Amino acid sequence: MTGVRRLSTTDHLEIRRWAESREAAPIAHRAKGLGFDFPDYDDDIDPITWDRWFEEFDARDLEFVYQVSETDRPTNHFQLRPRDPDRAPTSPDSRVPRSL
């Protein structure tokens, strides 16, 4: 897919900004674990607080992988995966996500 970059971060503020810019709220999906509730999605979800979401995110040692479109159309595609110990972590106050 052209015009799309994959980025990765562990920065809580960057993740929350990404989700809120898409009007998404943090959830715990009964079958799939952590995720987001996007508008107009109907799913079997349990809303949770951002604090709880990030507690689980850190406890599971996850990183947030998402796509940034170079067009005006944002994408909701994301993935939560185990952090790569060989990759330098993002700083807590980093506003520049890592490219993959």
Side-chain angles (χ1 to χ4, degrees):
M1 181 183 296
T2 60
V4 174
R5 292 181 303 146
R6 283 179 23 127
L7 304 174
S8 173
T9 189
T10 58
D11 180 38
H12 293 190
L13 185 57
E14 184 66 26
I15 296 167
R16 187 168 178 167
R17 271 194 216 125
W18 181 91
E20 289 178 345
S21 72
R22 289 154 176 80
E23 299 180 17
I27 61 163
H29 191 280
R30 291 187 184 118
K32 299 176 187 172
L34 295 175
F36 298 106
D37 181 19
F38 294 96
D40 300 324
Y41 283 41
D42 186 24
D43 214 344
D44 187 20
I45 58 171
D46 291 323
I48 58 175
T49 66
W50 278 110
D51 288 339
R52 182 71 183 132
W53 196 94
F54 285 119
E55 284 175 19
E56 287 294 319
F57 177 80
D58 290 336
R60 295 177 187 186
D61 204 26
L62 299 173
E63 68 180 347
F64 180 73
V65 179
Y66 60 108
Q67 294 180 346
V68 176
S69 174
E70 294 172 0
T71 67
D72 291 336
R73 293 186 52 182
T75 174
N76 292 346
H77 180 77
F78 75 95
Q79 179 183 21
L80 298 175
R81 68 178 185 197
R83 293 180 191 173
D84 183 345
D86 295 330
R87 197 176 5 238
T90 54
S91 62
D93 61 350
S94 171
R95 293 187 182 194
V96 180
R98 294 186 307 237
S99 290
L100 295 176

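Counting from 1, the numbers follow the sequence of the chain as shown. In what follows, every heavy atom counts, from backbone to side chain, and hydrogens, waters and symmetry copies are set aside. Keep in mind the model is a prediction, meaning the values are calculated, not measured.
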- Task: Could you tell me whether the side chain of V65 reaches within less than 4.5 Å of the side chain of R6, counting heavy atoms only?
- Result: yes
- Going by heavy atoms in the side chains, are Y66 and T9 under 4.5 Å from each other? yes
- Query: Heavy-atom count around E23 CD within 6.0 Å, excluding the residue itself: above 12?
  - Reply: no
- Considering residues at least two apart in sequence or located in another chain, which fulfil the side chain to side chain donor-acceptor pair (under 3.5 Å) criterion with E56? R52, R60
- Query: Are the charged groups of R16 and D11 less than 4.0 angstrom apart, N to O?
  - Reply: no
- Item | Least distance between heavy atoms, L62 atom then T10 atom | O-CG2, 3.8 Å
- Item | Smallest separation among heavy atoms of P47 and I27, with atom names | CA-CG2, 4.2 Å
- Hey, would you say the W18 and F36 ring centroids sit under 6.0 Å apart? yes
- Item | Test log, rule side-chain contact (heavy atoms from CB on, under 4.5 Å), inputs F78 and R22 | CA-CA 12 Å; F78 75 95; R22 289 154 176 80; over 6 Å; no
- Task: Scan side-chain atoms only and decide if S8 and E63 contain a donor-acceptor pair under the 3.5 Å cut-off.
- Result: yes
- How far does CD of E20 sit from CG of L13, to the nearest 0.5 angstrom? 9.0 Å
- Given side-chain contact (heavy atoms from CB on, under 4.5 Å), test L80 with F64 step by step and report yes or no. CA-CA 5 Å; L80 298 175; F64 180 73; 3.6 Å; yes
- Message: Parallel, tilted or perpendicular: which one describes the rings of F54 and F57, with boundaries at 30° and 60°?
- Response: perpendicular
- Passes side-chain contact (heavy atoms from CB on, under 4.5 Å), I15 versus W53? Steps please. CA-CA 11 Å; I15 296 167; W53 196 94; 4.0 Å; yes
- Item | Candidate pair D58 and H12, rule side-chain contact (heavy atoms from CB on, under 4.5 Å), full reasoning | CA-CA 10 Å; D58 290 336; H12 293 190; 2.9 Å; yes
